[in-house]
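Sequence positions, counted from 1, serve as the residue numbers for this chain. Remember, predicted model here, so these are calculated numbers, not experimental data.
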Amino acid sequence: MALKDMGEMLLREEPFSEIVMGDTAIVRAMVEAGVRVASSYPGSPTPEIAEAIASIPHERRPFYFEFSTNEKVALEVAFGASINGHLSCCFFKSVGLNVAADSFVQLSMMNLLGGMVIVLGDDPGANSSQNEQDNRHLARLAYVPVFEPASPKESYEMFLEAAKLSKEHNMPVIVRLTTHVCHAKEKVRFGRWKPKPLDPTPRFDPKSGSYIPLTAATVYPMKRRALENVERLREYAEFSPFNLFVKNDNNRRGIITAGLPFLSLMDVLQFADEKPDILKLGMAYPLPRKLVADFLASHDEVKVLEELDNFIEVEVKSIAFDSGIKSRIIGKKDLEDWVGEYVPEKVYSVMKKTWPDMLPDMDFSPKGPMPSPRPPQLCPGCGHRSAFYAIKRALKDTDITVADIGCHTLGYLEPHEMGQVMLCMGHSTGTGSGLSLFNDERKVVAFIGDSTLFHAGLPGIINAVFNRHNLTLVIMENGTTAMTGHQDHPGSGKNFNGPTDAISIKKMLEGLGVKSIRVVDAYSQQKLTEAVREAVSEEGFSVVIASHPCMLKFTREQRRKGKLTKRQVSVDQEKCKRIYECVKAFACPSFQLKDDGSVEVSEELCIGDGSCVQTCPVKALRYED
C-alpha cells in the first residue's frame, strides 16, 4: 500500500479528515488562513512544522518560507511582510523568544496591516531545552494575546482564529504550543481551501503607523493602541468558542485550567467518585474576567491547574479580589508543582495534594522490567567525538572550557568533559572572554557550532577582537544544523528554497579582523591536537575550525544515492591489550565491552568511518579485509 503524500494532503481543496501531528495541523491552518510569508529558526518542538512545509513542492507552495539566521531575524521578516499587507507567521521554540524579544516587545504597538501569528513551542519538562521558561509572561509583557491549544485539533482551529483576529485588529497573536501538543497525533477535520492569486501590490504606507517608536509623542499613542487591542480581545475571550465548561453539578469544587493539563485532568478524573466542575479556558492571556468571576462565585473551592508558572492563578486571584468573591482559590502547593510536564501522573499527584479525598490511592510507577538507562551521546562517527578526544590531549586539567548549544554540547559528558559552563546560543565567546580576565594561569577554550556561530556567535567574536580578549574559540563545523534535524545554515551552500552562496567561515572571520585562524579536519587528531596547543599558547584571540561533515547526514545522503560503501572496523583480539582507550577515552557507542573483558565492535552501530583506528595505542583496531 502506497504511503500518503503529506504535501498533497496539505493542499487538498475539499474538506477532509486525517490523523496528524499538532505541528502538521498548524501548516494546514496556515494554508487555509492564507498565510503568505512564514519564517523560522529550527528548534524542538517546532521543526516538524518546517518538515510539513517542505513536503509541499516549492512551485505549489501557497506561501514563501525561509529558515532565517536566528529567531529575531525570523520575527522581523514576518513583521516586515505584515506591514506590507501580507498575513505572516513565524515559529520557533521557547528560548527562541528570548532571542527575538527585542523586536517582539515592540510588535503590539505596530499596525500590522496583514496580520501576524507567532507560533511558540514551549517545552515543559525541558525535553530539548536548557530551561522550562513560561512564555506567557513575555506575552503579557508585550501585550500580545495567547491562545493555548490542548490538542492537534485545537492547534488547527486556534491558528485559524488567531489569524482571523490578527487581521481584524492588525495585531500580533500567539498560538502557544507545548511539546506534547506539537508531537501528539489526532484525527482532525479540516476545512475547504481554494488557492487565491497573490496580490503583489506593496501596501506599506508609513502613514498607517506610526512605525517609529521614538519619544513619548509617538510611544504613548502606540502603547494605548496595544492596550486597547488587549481589552478588545478580553471581550472576545468571554465568548471564545474554545472555552469549555464541564458541568458535574458540583457547587462545592471547581477547577480552572487550560491547554494540555485539561486532557491529563480528564484522564485522572475518571477514577474520581466526586468529579468537580471544570472551566477550560481557550486563551491564557487576556483572561475573561466575567466568565472566571462567575465560575468562582458559584463554587466554594476552586483549584487552578496549570503547567509551569502560576500565570493564570495570579490573574484569577486578582479577579476574585476585585470582585469581592470569597471562594477559596487553590494554586500551586509546593515547588514540585512548578516543575515538569503535566502528564496524567503529574496531575494525579497535584490533585491528590489538593483534595486527598477525591481520588483513590494509585501507583503510577512503571510495571515490569525497565530498560537500562542510556545517557545521551554523540552518534557513531561524529566528528565532534574525534575533535574532543584530540583537544583534550592539548589541554591541562586546570584549563577552562566553555560549551555552547548544539550536538557538541554533549562533550561535557564523560569521558570528554569538554564544556564546563553554558548559558544559551552564542554565549561561549563572551563568557570565555570574561573568564579570561585576570587569568594568567588557566587557558580558556570556548566551543561553538557553525550553525550557532551564524545564529548568535558573531557579536561575541567581534567583541573578543575589539577588546583583545585572550582565549581560543574552537568552531565545530559540520555543515548543518544537526541537532534539530539537519536544516541548512548560511555556510551550507543552500537554503530551504534551493542553492545559494555559501558563506566561508574562515573568510568571514578574516573580515572581522581575526588574525589567528587554523582549519583542521576533526578526524586528523594529531594535527588538531597540535593546532589547539599552538592556539592556546598565543596571546590574544585565536580560532581553530575543527571541520568534518555530520556523518549521520552524510551516510543518509549516500545511502539515498546508492553510493554508501559498507565498511567495518574490528578489534584484533590477538593485539588487544585491554587498555580500553577505545571504550573509556574515545567512547564511540559502537564499542561493546563483553563479560570476558574483551571489546567487540557492533556491526549495527559502526559506520566504518575509521576515526577510532588512530586512538588505539597498540594498533588493535583495523578495517576488516
Side-chain angles (χ1 to χ4, degrees), residues 108 117-118 120 134-151 153-155 157-166 168-169 171-178 181 226-248 250-251 253-263 265-266 276-331:
S108 63
V117 180
I118 302 166
L120 289 179
D134 191 331
N135 277 319
R136 296 178 298 177
H137 295 293
L138 283 175
R140 181 164 56 193
L141 170 72
Y143 309 118
V144 179
V146 181
F147 281 92
E148 189 143 328
S151 64
K153 177 177 180 289
E154 285 195 339
S155 299
E157 294 172 344
M158 288 187 178
F159 186 99
L160 290 176
E161 191 73 4
K164 174 175 171 288
L165 293 171
S166 180
E168 285 179 0
H169 301 290
M171 66 184 297
V173 179
I174 288 173
V175 177
R176 178 181 177 261
L177 311 179
T178 55
V181 176
L227 293 170
E228 288 167 357
N229 276 335
V230 168
E231 287 309 307
R232 277 194 285 268
L233 265 292
R234 194 183 298 279
E235 293 175 15
Y236 161 84
E238 292 286 350
F239 307 100
S240 169
F242 302 109
N243 296 328
L244 178 64
F245 181 48
V246 181
K247 187 170 178 59
N248 292 305
N250 189 333
N251 294 328
R253 292 173 174 173
I255 300 173
I256 297 176
T257 189
L260 181 72
F262 167 73
L263 297 182
L265 176 65
M266 297 302 289
D277 293 338
I278 303 169
L279 174 60
K280 182 228 177 218
L281 300 171
M283 296 188 75
Y285 174 75
L287 288 190
R289 291 183 180 277
K290 185 176 185 304
L291 184 66
V292 170
D294 290 346
F295 187 82
L296 293 173
S298 59
H299 295 85
D300 298 332
E301 294 182 334
V302 174
K303 168 68 176 176
V304 180
L305 183 73
E306 58 183 324
E307 240 169 3
L308 299 183
D309 297 349
N310 59 345
F311 184 87
I312 294 176
E313 175 190 336
V314 170
E315 183 72 9
V316 166
K317 288 179 176 177
S318 172
I319 292 170
F321 180 84
D322 291 344
S323 304
I325 296 171
K326 302 301 182 183
S327 297
R328 180 183 176 227
I329 300 170
I330 308 167

Distance, nearest 0.5 Å, that separates [atom1] of [X] from [atom2] of [Y]:
X: L263; Y: E154; atom1: CG; atom2: CD; answer: 7.5 Å
X: L120; Y: F147; atom1: CG; atom2: CZ; answer: 14.0 Å
X: F311; Y: N135; atom1: CZ; atom2: CG; answer: 10.5 Å
X: I256; Y: I278; atom1: CD1; atom2: CD1; answer: 11.5 Å
X: I325; Y: S298; atom1: CD1; atom2: OG; answer: 9.0 Å
X: K317; Y: L296; atom1: NZ; atom2: CG; answer: 11.5 Å

Are [X] and [Y] side-chain neighbours, meaning at least one heavy-atom pair lies under 4.5 Å?
X: I329; Y: V304; result: yes
X: L177; Y: P149; result: yes
X: F242; Y: M283; result: no
X: E148; Y: R136; result: yes
X: E157; Y: E161; result: no

Listed partners of S240 passing side chain to side chain donor-acceptor pair (under 3.5 Å), at least two apart:
none

With sequence neighbours excluded, tell me which residues meet ring pair (Phe, Tyr, Trp, His ring centres under 6.0 Å) with Y143.
none

Donor-acceptor pair, distance only, cut-off 3.5 Å: does the side chain of S323 make one with the backbone of A320?
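No, because the side chain of S323 does not come within donor-acceptor range (under 3.5 Å) of the backbone of A320.
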
Taking the side chain from S327 and the backbone from H299, do they hold a donor-acceptor pair closer than 3.5 Å?
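Side chain of S327 to backbone of H299, a donor-acceptor pair under 3.5 Å: yes, one is there.
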
Output all residues satisfying side chain to side chain contact (heavy atoms under 4.5 Å, CB included) with E168, sequence neighbours left out; order by chain, then residue number.
K164, L165

Under the side chain to side chain contact (heavy atoms under 4.5 Å, CB included) test, residues paired with N248 that sit two or more places apart:
V246, K275, D277

Listed by chain and number, what are the salt bridge (Lys or Arg N to Asp or Glu O under 4.0 Å) partners of R140, not counting sequence neighbours?
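In terms of salt bridge (Lys or Arg N to Asp or Glu O under 4.0 Å), with neighbours along the sequence ignored, R140 is linked to no residue.
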
Sequence neighbours left out, what passes salt bridge (Lys or Arg N to Asp or Glu O under 4.0 Å) with E315? Give chain and number order.
R234, R289

Going through the checks in order, is the side-chain contact (heavy atoms from CB on, under 4.5 Å) test met by V316 and V302?
CA-CA 10 Å; V316 166; V302 174; 5.6 Å; no

Flag yes if more than 12 heavy atoms outside K326 fall under 6.0 Å of its NZ atom; otherwise flag no.
no

Verify side-chain contact (heavy atoms from CB on, under 4.5 Å) between Y285 and V230, making sure each step is shown before the conclusion.
CA-CA 9 Å; Y285 174 75; V230 168; 3.6 Å; yes

Which heavy atom in P145 sits nearest to a heavy atom in P172, and how many Å separate them?
CD-O, 3.5 Å

